[in-house]
> 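Can you keep this structure in mind? I'll have questions shortly.
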Amino acid sequence: MGVTATEEAAAIAAAQAYLTEFNRAIVSRSTTTLRTLFAAGSVACEGDAAKIDALKASGRTMVGGTLTYANARVEVWADPTHVLLQGEMTRAEATVKDAAGKVVDRFDASTGPKRFVMVRLNGVWLVEGLIS
């Protein structure tokens, strides 16, 4: 579609920024900034933010679980404002502890393909969805 390498890099950088903030939000249990990095109506993103909010409300914390996204590339340009990125998502091992410090859940480390649906709104790239 003739989209520039600069736009491709900007879309990938926006996906990486989302994950960086997601990792911060898990630790801080604040989703204020995270919510500015995805498009309104993104079911997956809003669901993840709600889970972080629920952690805070319940007094639980997560240790580990850092997400990284490698080998990101543009798979499809639907139009100049929509792009599908493909890459590999890795989640570090994680434990969830209750307010007393008791482990209430565990997640194994995992790696697998992940696609980010990105949208450019008002000149800013945002995450619109996530697809496994």
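Only heavy atoms go into these numbers, but all of them, side chains included; no hydrogens, no water, no symmetry mates.
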> Roughly how far, to the nearest 0.5 Å, is CD of Glu88 from NZ of Lys114?
12.0 Å

> Which heavy atom of Asn23 sits nearest a heavy atom of Gly65, and at what distance?
OD1-O, 4.3 Å

> What pairs of residues pass the side-chain hydrogen bond (donor to acceptor under 3.5 Å, both in side chains) test when at least one of them lies in residues 91-110, not counting sequence neighbours?
none

> Sequence neighbours excluded, which residues qualify as side chain to side chain donor-acceptor pair (under 3.5 Å) partners of Gln16?
none

> Tell me every residue that passes ring pair (Phe, Tyr, Trp, His ring centres under 6.0 Å) with Phe22, counting only those two or more places apart in sequence or in another chain.
none

> Work out which heavy atom in Val127 is nearest to a heavy atom in Ser42; give both atom names and the distance.
O-CB, 4.4 Å

> Do the side chains of Met89 and Thr68 get nearer than 4.5 Å, heavy atoms only?
no

> Just by modelled atom types, is the Arg29 backbone N or O under 3.5 Å from a matching donor or acceptor in the Arg24 side chain?
no

> Would you say Asn71's side chain and Gly87's backbone share a donor-acceptor pair under 3.5 angstrom?
no

> What salt bridge (Lys or Arg N to Asp or Glu O under 4.0 Å) pairs are there with at least one residue in residues 31-52, not counting sequence neighbours?
Arg35-Asp53

> Between Ala17 and Leu37, which heavy-atom pair has the shortest distance, and what is it?
O-CD1, 3.7 Å

> How close do Leu85 and Ala15 get, heavy atom to heavy atom, and via which atoms?
CD1-CB, 3.8 Å

> Indicate yes or no: at least one non-hydrogen side-chain atom of Val117 is less than 4.5 angstrom from one of Ile131.
yes

> Do the side chains of Leu130 and Arg115 get nearer than 4.5 Å, heavy atoms only?
no

> I'd like to know if the side chain of Tyr69 reaches the main chain of Ile12, judged simply by a donor and an acceptor atom lying under 3.5 Å from each other, with no hydrogens or angles considered.
no

> Of all heavy-atom pairs between Tyr18 and Cys45, which one has the smallest distance, and what is that distance?
OH-SG, 3.6 Å

> Side chain to side chain donor-acceptor pair (under 3.5 Å) with Thr111: which residues, sequence neighbours excluded?
Thr90

> Determine whether a donor-acceptor pair (N or O, by modelled atom type, separation under 3.5 Å) exists between the side chain of Thr4 and the backbone of Glu7.
yes

> Are Val124 and Leu121 co-members of a hydrophobic cluster defined by side-chain heavy atoms under 4.5 Å apart?
yes

> Looking at every non-hydrogen atom in both residues, tell me the closest pair between Ala94 and Gly64 and how far apart they are.
CB-C, 3.9 Å

> Should Arg120 and His82 be marked as a side chain to side chain contact (heavy atoms under 4.5 Å, CB included) after you check the CA-CA gap, both sets of side-chain angles, and the distance that decides it?
CA-CA 7 Å; Arg120 188 173 59 199; His82 290 85; over 6 Å; no

> Under the side chain to side chain contact (heavy atoms under 4.5 Å, CB included) criterion, do Leu84 and Trp77 qualify, and how do the steps go?
CA-CA 6 Å; Leu84 180 65; Trp77 278 103; over 6 Å; no

> Please name the residue in the list Val27, Ile52, Ile26 that meets the side chain to side chain contact (heavy atoms under 4.5 Å, CB included) test with Met62.
Ile26

> Do Val119 and Phe116 share a hydrophobic cluster (ILVMFWY, side-chain heavy atoms under 4.5 Å, transitive)?
no

> Is there a side-chain contact between Leu126 and Phe38, using heavy atoms and a 4.5 Å cut-off?
no

> For Thr33, what residues pass the side chain to side chain donor-acceptor pair (under 3.5 Å) criterion, not counting sequence neighbours?
none

